[in-house]
There are 4 protein chains.
Amino acid sequence: MRPRPGRAPHRRSSRARDAVLEAADDLLVERGYAGVTIEGIAERAGVAKQTIYRWWPSKFEILMDTFLEDAENELKIPDTGSTAEDLRKHLRRLARFLTREPAGQVMLALIGQAQHDRAMAVVFQQRYSDERRALDRSILERGVARGDVRDDVDLDFVVDVLYGPLFHRVLLAGLPVNSQFIDALVDDVFPSLAGRPPGPQ
Amino acid sequence: MRPRPGRAPHRRSSRARDAVLEAADDLLVERGYAGVTIEGIAERAGVAKQTIYRWWPSKFEILMDTFLEDAENELKIPDTGSTAEDLRKHLRRLARFLTREPAGQVMLALIGQAQHDRAMAVVFQQRYSDERRALDRSILERGVARGDVRDDVDLDFVVDVLYGPLFHRVLLAGLPVNSQFIDALVDDVFPSLAGRPPGPQ
Amino acid sequence: MRPRPGRAPHRRSSRARDAVLEAADDLLVERGYAGVTIEGIAERAGVAKQTIYRWWPSKFEILMDTFLEDAENELKIPDTGSTAEDLRKHLRRLARFLTREPAGQVMLALIGQAQHDRAMAVVFQQRYSDERRALDRSILERGVARGDVRDDVDLDFVVDVLYGPLFHRVLLAGLPVNSQFIDALVDDVFPSLAGRPPGPQ
Amino acid sequence: MRPRPGRAPHRRSSRARDAVLEAADDLLVERGYAGVTIEGIAERAGVAKQTIYRWWPSKFEILMDTFLEDAENELKIPDTGSTAEDLRKHLRRLARFLTREPAGQVMLALIGQAQHDRAMAVVFQQRYSDERRALDRSILERGVARGDVRDDVDLDFVVDVLYGPLFHRVLLAGLPVNSQFIDALVDDVFPSLAGRPPGPQ
DNA sequence: GAATAACCGAGACGGTACGTCCAGTCTTGAA
DNA sequence: TTCAAGACTGGACGTACCGTCTCGGTTATTC
């Protein structure tokens, strides 16, 4: 049961893996997506290009690896006991992530690249979007179980209505996403669409 | 001071301009954004690279020119007399544009590129998003004037709530956007957020 | 009749050409054939790799160009009036060229490469060996005309017998080629094989 | 009979050695000198690269090993009792070896490589040329002892004059080496240079 | 109707990065 | 200790485009 040390088949160097991910991340933040090159990553990571090509098919996948680790750490689903509060916390966290943090820049770059290339769009959906949607739904599903979310609405639709406006602002409008914006979503849109007053019965 | 002998001559060749825009468009559809290269456009358009560089700063701007022409033609704001019906028609048109038409592919590519490069994001917003938001608002503003849209809601917020879910599906989820989805936005989300029953005064 | 200036079709840069030839030459002398790389030439010549690939198919051809210019200048056929003296002078010049001069190193490298690759061997023969053999023969042909070379021997065979031993030493043996060696060829081998005493008639 | 545990074991695997030599030989014939790579040899021989590096410093030395074995077998010095006939036989054998046989291709490749690299030239001379010259001389030395070769000529010089023309044709000219060519060397050049009529005394 | 200057096609140029191949070194586990 | 396997750093390959730069040839007015 214990992972025997030195057992991984064909002993990939974790030193190289980590250096590559970090270098790619840094380059993206410093120079933007086009400034991330395999050669640049290799040089900064102190790694040979061949090592990169051995383990990743494209810079997209490298950034995907970085991003997924960050998303897992930074975008945990809260559980406060109140659906509205879970949504508020999570939307705020997400807005901050997208607009202020390096890892959010990586995410935006990946979304951008996915618009350019069908294959990468599929990778992004399979490795991120699908699982993320399940997580996003989980807040609502807890609400359904708890009784403060209606059980007769399509939760996928609710997810799109709650998260879509945020992405619309960030990806298309370049308008600020502030607390009022989030609050309006949580306090106005959510209740009228899916909320149910925690009443008797 | 003396621009005398030989008088002001040439102007830009519209033949070249059109050929370039069409070539860029075709290449994008055939090969994706990365497959659009200045050399490729020049060759296909039968135009010299220098001619392209003379009139456009980047392939992004070339595609921007194509896209703006298409958007103006294809995404006209309807005016049926009913806000809900205007929204329904327009959202359906937009969904179809994004998911089915070549010009929609161009738009998605431009949105994608805007995520990679701040400067291009600014260009996209100034040349498209700002004006588009005004157009999108105009449906609602007519509704306010007409009395079937509440006058105490932030119309920009309503725009994000109505259009955001659509883009969320298209840009991030890869899920289908069908009539029910649009209808749910128009019939459920819109009325509860901004609709007002056309009552007496 | 006069070459109109700026007439060459598509204006190849002679600056680039010269810099490439010189860089290749220098690299060969400094680092040997394997040390001549297209990248190294490009860097040293201050030229883009693509420029090299545009005009030469391989480093072999680059060195061939250098070598042919040098050979033309350095291996002129002497004309002293005496076949034996012409041979002596030419063989000495050749021996010195091969064993002491940078251009001789280039020649040896090309001969070496020709052993590795049939296509290059053909290029070497067509661009050098064939013409050189004609030049080498010309010494003997003048001798035939003059009467101090027999007219019943195959001059190609004589060329092989006179030049072959020199190359045998240089290419295979690594033994010194001194004046005695040349003199033995001219004074012993040549007369008995092809010489004719300048007699009456 | 069981190798006691902790015993000084292994010696060089002759299976690996043979497989490497054969693979190198095959690759040279199939793909030329540049097509012989350590990786290619290792793969074809079913051997690890490390094993090759353990026993040979370069592909040159691998081919050298192959070649020396072949030369020893294929280029035996004949002993017919007549110097002229020994020369004729040996020169014919050599011509055929160089122009027709796989092992001759290896030899030409090694000679070629020796022109590119001083160190390899030295190896080639020490491991082949010096010994070969002794063998070539031995034909003449037997002739001297026997009395049909003059004893006042430098036999090294005679070797160069007899073998040089052959290599000149093969290495430089790309001209055919046929029986007449060999016969002319043996019947015209050799007697006048070093032959002595087998007379009395 | 001739002069003239911006425009055009063509494409060479110095560069950067691509993705691949191979060199030579190192490490692992089996025999 | 050797071996097969194969990951590692590193360097060069030959290609594709970038954006800049002539080069001549072609308009299309305006004197």
Side-chain angles (χ1 to χ4, degrees), chain A residues 6-13 15-16 34-40 42-43 45-55 57-59, chain B residues 3-13 15-16 34-43 45-55 57-59, chain C residues 6-13 15-16 34-43 45-55 57-59, chain D residues 3 5-13 15-16 34-43 45-55 57-59:
Chain A
R7 189 58 34 239
H10 289 314
R11 54 242 123 85
R12 174 173 185 175
S13 154
R15 184 237 138 224
V36 181
T37 65
I38 301 291
E39 299 223 318
E43 184 180 0
V47 141
K49 278 165 70 179
Q50 187 56 55
T51 298
I52 298 178
Y53 283 109
R54 188 154 29 231
W55 301 111
S58 66
K59 68 179 182 178
Chain B
R4 278 297 59 93
R7 225 44 220 74
H10 269 260
R11 277 299 146 255
R12 175 174 188 173
S13 150
R15 184 234 139 227
V36 181
T37 65
I38 300 292
E39 300 222 318
I41 295 170
E43 186 181 0
V47 139
K49 279 166 69 179
Q50 188 55 58
T51 299
I52 298 178
Y53 283 110
R54 202 175 350 252
W55 302 112
S58 66
K59 69 177 181 179
Chain C
R7 192 56 34 237
H10 288 314
R11 55 242 122 87
R12 173 173 186 174
S13 153
R15 184 237 138 223
V36 181
T37 64
I38 301 292
E39 300 225 316
I41 294 170
E43 184 180 359
V47 140
K49 279 166 69 179
Q50 187 55 54
T51 298
I52 298 179
Y53 284 109
R54 186 155 29 230
W55 301 112
S58 66
K59 69 179 183 179
Chain D
R7 219 51 228 66
H10 274 263
R11 274 298 146 262
R12 174 173 186 172
S13 149
R15 185 235 138 227
V36 182
T37 64
I38 300 292
E39 300 222 318
I41 295 170
E43 185 181 357
V47 140
K49 280 166 69 181
Q50 189 54 55
T51 301
I52 298 177
Y53 284 110
R54 198 168 3 245
W55 301 111
S58 66
K59 71 178 182 180

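The chains referred to below are lettered A, B, ... by the order of the sequence lines, with proteins before strands, and numbering in each begins at 1.
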Item to check | Nearest non-hydrogen partners of A:A42 and A:A48, listed with the distance | outcome: CB-C, 4.3 Å
Checklist entry - Contact class for A:T51 (heavy atom, under 4.0 Å): base, sugar-phosphate, or nothing? => result base
Checklist entry - In whole angstrom, what separates C:I41's CD1 from F:dA12's C1'? => result 12 Å
Item to check | Whole-Å distance separating the CD1 atom of C:I38 from the P atom of E:dG14 | outcome: 14 Å
Checklist entry - Atom CD of A:E43 to atom P of E:dT16: distance rounded to whole Å? => result 12 Å
Checklist entry - If each of C:P57 and B:S58 is mapped to the nucleotide of DNA chain F with the nearest heavy atom, which maps nearer the 5' terminus, i.e. the 5' end? => result C:P57
Checklist entry - Once you round it to whole Å, what is the distance between P of F:dT27 and CZ of B:R15? => result 11 Å
Next on the checklist: So, using salt bridge (charged side-chain N to carboxylate O under 4.0 Å, His left out) as the criterion, who are the partners of A:E39 when residues are at least two apart?
Outcome noted: A:K49
Checklist outcome for this item: From NZ of B:K59 across to C1' of F:dA16 the rounded distance in Å is 13 Å
Item to check | Closest heavy-atom pair and its distance - A:I38, A:I52 | outcome: O-CD1, 3.8 Å
With 3.5 Å as the limit, what N/O pairs link the protein to nucleotides 25-27 of chain E?
| unit_1 | atom_1 | unit_2 | atom_2 | d |
| --- | --- | --- | --- | --- |
| E:dC26 | N4 | D:Q50 | OE1 | 2.6 |

Checklist entry - Which residues pass the side-chain contact (heavy atoms from CB on, under 4.5 Å) test with C:A16, sequence neighbours left out? => result C:S13, C:V47, C:T51
Item to check | D:K59: salt bridge (charged side-chain N to carboxylate O under 4.0 Å, His left out) partners, not counting sequence neighbours | outcome: none
Checklist entry - Base, sugar-phosphate, or nothing for B:G46, non-hydrogen atoms under 4.0 angstrom? => result sugar-phosphate
Checklist outcome for this item: note: B:E39, atom CD; E:dC13, atom C1'; distance rounded to Å ~ 12 Å
Checklist outcome for this item: To the nearest angstrom, the CD1-C1' distance between A:I52 and E:dC18 comes to 12 Å
Next on the checklist: Return whichever of B:V47 or C:A48 has its heavy-atom-nearest nucleotide of DNA chain E closer to the 5' end.
Outcome noted: B:V47
Item to check | C:W55 side-chain N/O to E:dC13 phosphate OP1/OP2 under 4.0 Å | outcome: yes
Checklist entry - When the distance from CZ of A:R54 to C1' of E:dG19 is rounded to whole Å, what number comes out? => result 14 Å
